[in-house]
Amino acid sequence: MSEDAVFRSGFAAILGRPNVGKSTLLNALVGEKVAIVSDKPQTTRGRVLGVMSMPQGQIVFLDTPGLTEARNKLGEYMLSAAYDALTGADAIIIVAAAGSVGPKDRAVIEKFSKRKLPKVLVLNKIDAASREVVARDLQSFNAPPYDQYDAILPMSAKTGGGVDTLRSLLFDRMPEGPRYFPDDMVTDQPEYMLCAELIREKALARLREEVPHGIGVEIQRVEKLSGGLTEIYANVYVERAAHKGIVLGKQGSMLRAIGTEARLDIEKLLATHVSLQLWVKVREDWRNRADDLRTLGYVRERG
Ligand SMILES: Nc1nc2c(ncn2[C@@H]2O[C@H](COP(=O)(O)OP(=O)(O)OP(=O)(O)O)[C@@H](O)[C@H]2O)c(=O)[nH]1
Ligand SMILES: [Mg+2]
């Protein structure tokens with residue numbers, strides 16, 4: 001085989017504290033929305049796979065839940081999902097946000113600096129920070145253990161600035177390997193899961209305080225009817241009776257708004273007309289209940 005014919009491929013895990021922009025970065029890297037994003041911490045609850053395919057290779061990115069203390073069974077699942085993504089990883093991307101690199105971010109960066117793998121430290125959200133703040137953060141990375149990283153990249157996942165550099169930097173460090181996924185596959189999430197996530201995203205955007213953290217979405221039924229219409233029935237779980245009214249809103253207005261926004265995104269995803277029926281259900285303390293976690297898909301694949 002000639003040099004040119006080498007096909008490079010591998011897995012790159014994206015890790016970091018909550019809300020630093022990991023999922024936004026995943027979407028930017030693969031060029032499609034495969035992970036939901038919100039301004040609330042702990043949006044991502046499991047590992048989200050995104051594939052970047054090129055003629056000369058493939059990188060499989062694994063977005064993960066933000067690293068933070070687990071306060072319930074869901075939190076424990078989220079942490080294990082984050083660490084599971086490291087199994088078999090060929091590279092790691094650690095993300096922090098410019099202007100808010102705190103001691104907990106530094107602890108994460110230090111912890112992963114010891115891994116014997118190609119690793120990149122991304123300083124994200126530089127579009128939202130002043131030049132001085134970015135320079136100060138970069139300066140603070142100018143010492144051990146930050147020197148263990150192959151590169152420290154200032155970036156904006158939101159505007160796309162720096163994303164190409166990250167892609168090629170990682171690609172150059174990927175081993176020779178197989179095509180793990182067909183070229184037209186960008187994620188391994190089934191359609192029903194993408195739909196559930198889009199509904200959750202719209203709920204997260206509109207809800208405040210502790211309510212968004214207790215939202216779970218279960219797709220009950222998807223029916224593809226003739227004439228290009230898909231009917232989707234979904235349950236929106238809340239973890240306390242008091243949250244039901246908040247999610248419903250005045251005369252159902254909040255739920256309607258969430259439903260309309262989700263429907264528009266789902267119609268784009270499925271390329272059909274969609275009728276979306278949402279029901280709000282109370283599942284007391286579901287984030288600590290194994291059966292509810294299973295229903296919502298928060299179970300480890302193995303082990
Ligand atoms: N200004 C700016 N905002 C960003 C950037 N990247 C992400 N954000 C915003 O930061 C917030 C969090 O983004 P996410 O991608 O959901 O962050 P995450 O790290 O995946 O968060 P968790 O899933 O909760 O761990 C959202 O409001 C994003 O729009 C960026 O480069 N610049
Ligand atoms: Mg996320």
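FYI, side chains are in, hydrogens and waters are out, and symmetry mates aren't considered; it's all heavy atoms of this structure. Quantities reported herein were computed from a predicted structural model and do not represent experimental measurements. All ligand and atom numbering here is 1-based and tracks the order in the structure.
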Could you tell me if the side chain of [Y] sits less than 4.5 Å from the side chain of [X], heavy atoms only?
X      : Y      : answer
Glu191 : Val222 : no
Tyr237 : Asp292 : no
Lys22  : Leu67  : no

Salt-bridged, [X] to [Y], with N to O below 4.0 Å?
X      : Y      : result
Arg200 : Glu197 : yes
Arg47  : Asp84  : no
Glu261 : Arg206 : yes
Lys104 : Glu69  : yes
Glu132 : Arg136 : no

Classify the contact between [X] and ligand 1 as side chain, backbone, both or neither, using a heavy-atom distance cut-off of under 4.0 Å.
X      : value
Thr24  : both
Ser38  : backbone
Asn124 : side chain
Lys158 : both

Exercise. Is there any N or O on Met155 that sits under 3.5 Å from an N or O of ligand 1?
Worked result: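 No - when backbone and side-chain N and O of Met155 are compared with those of ligand 1, no distance drops under 3.5 Å.
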Problem set entry | Asp63 N/O under 3.5 Å from ligand 1 N/O | no
Taking [atom] as the reference point, the nearest protein heavy atom with its distance:
atom                    : answer
atom 29 (O) of ligand 1 : Val37 CG1, 3.9 Å
atom 10 (O) of ligand 1 : Lys125 NZ, 2.9 Å
atom 32 (N) of ligand 1 : Asp127 OD1, 2.6 Å
atom 18 (P) of ligand 1 : Lys22 N, 3.4 Å
atom 17 (O) of ligand 1 : Gly21 N, 3.1 Å
atom 27 (O) of ligand 1 : Asp39 CA, 3.5 Å

Problem set entry | Aromatic plane relationship, Tyr77 with Tyr298 - under 30° parallel, 30 to 60° tilted, over 60° perpendicular |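 Tilted: the ring planes of Tyr298 and Tyr77 meet at 30° to 60°.
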Problem set entry | Pick from Pro18, Ala129, Ser23: the one approaching atom 20 (O) of ligand 1 most closely through a non-hydrogen atom |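 Answer by nearest heavy atom: Ser23.
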Exercise. If hydrogens are left out, which of Val163, Thr44, Thr159 has an atom nearest to atom 23 (O) of ligand 1, that is, the closest non-hydrogen atom?
Worked result: Thr44
Could you tell me, atom by atom, which parts of ligand 1 come under 4.0 Å of a heavy atom of [X]?
X      : answer
Pro41  : 24 (O)
Ala128 : 1 (N)
Gly66  : 25 (O)
Asn19  : 11 (C), 12 (C), 17 (O), 18 (P), 19 (O), 21 (O), 22 (P), 24 (O), 25 (O)

Exercise. With the Mg ion (ligand 2) at the apex, how many degrees lie between OG of Ser23 and OG1 of Thr44, rounded to 10 degrees?
Worked result: 90°
Exercise. Which pair of non-hydrogen atoms, one from Val163 and one from Met155, has the smallest distance, and what is that distance?
Worked result: CG2-SD, 4.1 Å
Seminar exercise, completed: Closest non-hydrogen atoms of Pro144 and Asp147, given as atom of the first, atom of the second and distance, are CA-OD1, 3.3 Å
For this session: Count the heavy atoms of every other residue, nucleotide or ligand shown that sit under 6.0 Å from CD of Gln277, and state whether that count exceeds 12.
Result: yes
